[in-house]
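Remarks on the structure that follows.
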Amino acid sequence: MSTREQQLTEAFVALSDTLADDVDALVLLGRLARHSVALTDVDAAGVMLMNARGHLRPAAATEHTVELTEMWQAQIRQGPCIDAFTTGTAVHAADFETHQDRWPKFVPLARAAGYQGAHALPLLARGQAVGALNLLCHHPASLTGAETHLLRALANVATTALLTWDHTALRTEDITTRTQAALSGKAVFDTATGVLAATAHISPIQAAQHLRAYADRHHQRPTDIAAALVDRRITPRVVLGDPS
């Protein structure tokens, strides 16, 4: 098996893993973002999910600046992810230079964050858009047909895994409930990393790394550790120092 084939196999296996006790929705979405970068020429990626009100919210990202672009899109209701989610089709903006009229507020913000191009694919469940895969490039860059096809496949596998987590029959009304649950987990995770960052005077990214590493060593889900921190069932020093 070639290295490329091995990478593809590992990606699809990782994204379809709904059985492991230490894997949760945020872990799966993080894997989708990371594999999207590793297997294509995009520089960064993120995932946005629909909340209970039908609006997109950031759920996972490979870089902090990706999450910023997603927050901006959600606030100004403008950008590739908004369009992909609204239309249910892929959006390609290889060079922001030619899309300033399309997204007059978003393009300057994305450029200020260091990105010159973007692509977005809708996350679909039973034909309904439940989110979007956000793909950003530091320099103008197009996606090949093969890359787009691969990203669609990765997104489909991850979306199916996300929405069939407890292996019960999925009803149409359950879709929003599942995506909202993932976003709620993201909020708890962000709160926990904020507590760790403030305690140790480190960045939120470093705090998240500590939290995930602790969860891995103790074979628990990151969101469960985050909830324990927020509920004060474990202390920040335990996670940061991990005496075990």
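- Surrounding CZ of R233 are more than 12 heavy atoms belonging to other residues, nucleotides or ligands, all under 6.0 Å away.
- For T89, the side chain to side chain donor-acceptor pair (under 3.5 Å) partners at least two apart in sequence or on another chain are T87.
- In this structure, the side chain of Q206 engages the main chain of S203 through a donor-acceptor pair within 3.5 Å.
- For R111, the CZ atom is densely surrounded, since the number of other residues' heavy atoms within 6.0 Å is greater than 12.
- Distance alone, capped at 3.5 Å, is enough to place a donor-acceptor pair between the N51 side chain and the R53 backbone.
- The number of heavy-atom neighbours closer than 6.0 Å to CG of D101, taken from other residues, nucleotides and ligands shown, is 12 or below.
- Y214 has its ring centre less than 6.0 Å from the ring centre of H218.
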Exercise for the section: Begin from the C-alpha positions of T223 and K186 and carry the test side chain to side chain contact (heavy atoms under 4.5 Å, CB included) through to its verdict. Expected result: CA-CA 8 Å; T223 48; K186 172 68 162 51; over 6 Å; no
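- F189 and V238 fall within a single hydrophobic cluster, where Ile, Leu, Val, Met, Phe, Trp and Tyr side chains are chained together by heavy-atom contacts under 4.5 Å.
- Looking at L56, L109, N134 one by one, the single match for side chain to side chain contact (heavy atoms under 4.5 Å, CB included) with Q73 turns out to be N134.
- Partners of R34 according to the side chain to side chain contact (heavy atoms under 4.5 Å, CB included) rule, which considers only residues two or more places apart in sequence or in another chain, are R31, T62.
- For the atom pair H35 NE2 and L151 CG, the distance stands at 12.5 Å (nearest 0.5 Å).
- Ring geometry for F96 against F106 counts as perpendicular: the plane angle is over 60°, on a 0 to 90° scale with 30° as the lower cut.
- Applying the side chain to side chain contact (heavy atoms under 4.5 Å, CB included) rule to L124 yields the partners P122, A129; only residues at least two apart in sequence or on another chain are considered.
- Residues L150 and V47 fall within the same hydrophobic cluster, defined by Ile, Leu, Val, Met, Phe, Trp and Tyr side chains chained together at heavy-atom separations under 4.5 Å.
- The backbone N or O of N156 sits nowhere less than 3.5 Å from a side-chain atom of T159 that would complete a donor-acceptor pair.
- Residues A61 and E67 share a closest heavy-atom pair of CB-N, 4.1 Å.
- Under a 4.0 Å N-O distance rule, the pair R212/D216 does not qualify as a salt bridge.
- Atoms CD and OG1, from E70 and T65 in turn, are 10.0 Å apart once rounded to the nearest 0.5 Å.
- Considering every non-hydrogen atom in both L211 and V239, the closest pair reads CA-CG1, 4.0 Å.
- Linking Ile, Leu, Val, Met, Phe, Trp and Tyr whenever their side-chain heavy atoms come within less than 4.5 Å leaves I205 and M71 in two separate clusters.
- Residue H149 qualifies as open at atom NE2: its count of foreign heavy atoms under 6.0 Å is 12 or below.
- Taking all atoms of both residues into account, the shortest heavy-atom contact from Q78 to P104 is OE1-N, 3.2 Å.
- Atom CD1 of I234 is separated from atom CD1 of I225 by 5.0 Å, given to the nearest 0.5 angstrom.
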Practice task
Apply side chain to side chain contact (heavy atoms under 4.5 Å, CB included) to L135 and T40, showing your working.
Solution key: CA-CA 10 Å; L135 307 157; T40 68; 5.6 Å; no
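- Taking SG of C137 as the reference point, atom CG of L143 lies at 6.5 Å (rounded to 0.5 Å).
- Under a cut-off of 6.0 angstrom, the local environment of NE2 in H138 is crowded, with over 12 non-hydrogen atoms contributed by other residues, nucleotides or ligands.
- Put simply, the side chain of L136 does not reach to within 4.5 Å of the side chain of H119, judged on heavy atoms.
- Residues V37 and D43 come closest through the heavy atom pair CG1-O, 3.9 Å.
- Side-chain contact between T199 and R237 is present, with at least one heavy-atom pair separated by less than 4.5 Å.
- The heavy-atom pair separating L133 from G46 by the smallest distance is CD1-O, 3.4 Å.
- Checking side-chain atoms of Q128 against main-chain N and O of A125 turns up no donor-acceptor pair under 3.5 Å.
- Listed for the D95 side chain is no donor-acceptor partner under 3.5 Å among the backbone atoms of T98.
- Under the 4.5 Å side-chain heavy-atom criterion for ILVMFWY residues, no single connected hydrophobic cluster contains both V27 and V230.
- Atom CG of residue L229 and atom CG of residue D224 lie 11.5 Å apart, to the nearest 0.5 angstrom.
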Exercise for the section: List the steps and the verdict of side chain to side chain contact (heavy atoms under 4.5 Å, CB included) for V66 and Y115. Expected result: CA-CA 9 Å; V66 174; Y115 302 111; 3.5 Å; yes
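- Rounded to the nearest 0.5 angstrom, L240 CG and H210 NE2 are separated by 5.5 Å.
- Transitive grouping of hydrophobic side chains (ILVMFWY, heavy atoms separated by less than 4.5 Å) keeps V188 and V195 in distinct clusters.
- Of all heavy-atom pairs spanning V42 and S36, the tightest one is CG2-O, 3.7 Å.
- Using a 30° and 60° split on the angle between ring planes, W103 and H99 fall in the parallel class, below 30°.
- Within a 6.0 Å sphere centred on CG of D41, heavy atoms belonging to other residues, nucleotides or ligands number 12 at most.
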Practice task
May I have the step-by-step check of side chain to side chain contact (heavy atoms under 4.5 Å, CB included) for H55 and R77, ending in yes or no?
Solution key: CA-CA 9 Å; H55 302 311; R77 305 287 180 87; 3.2 Å; yes
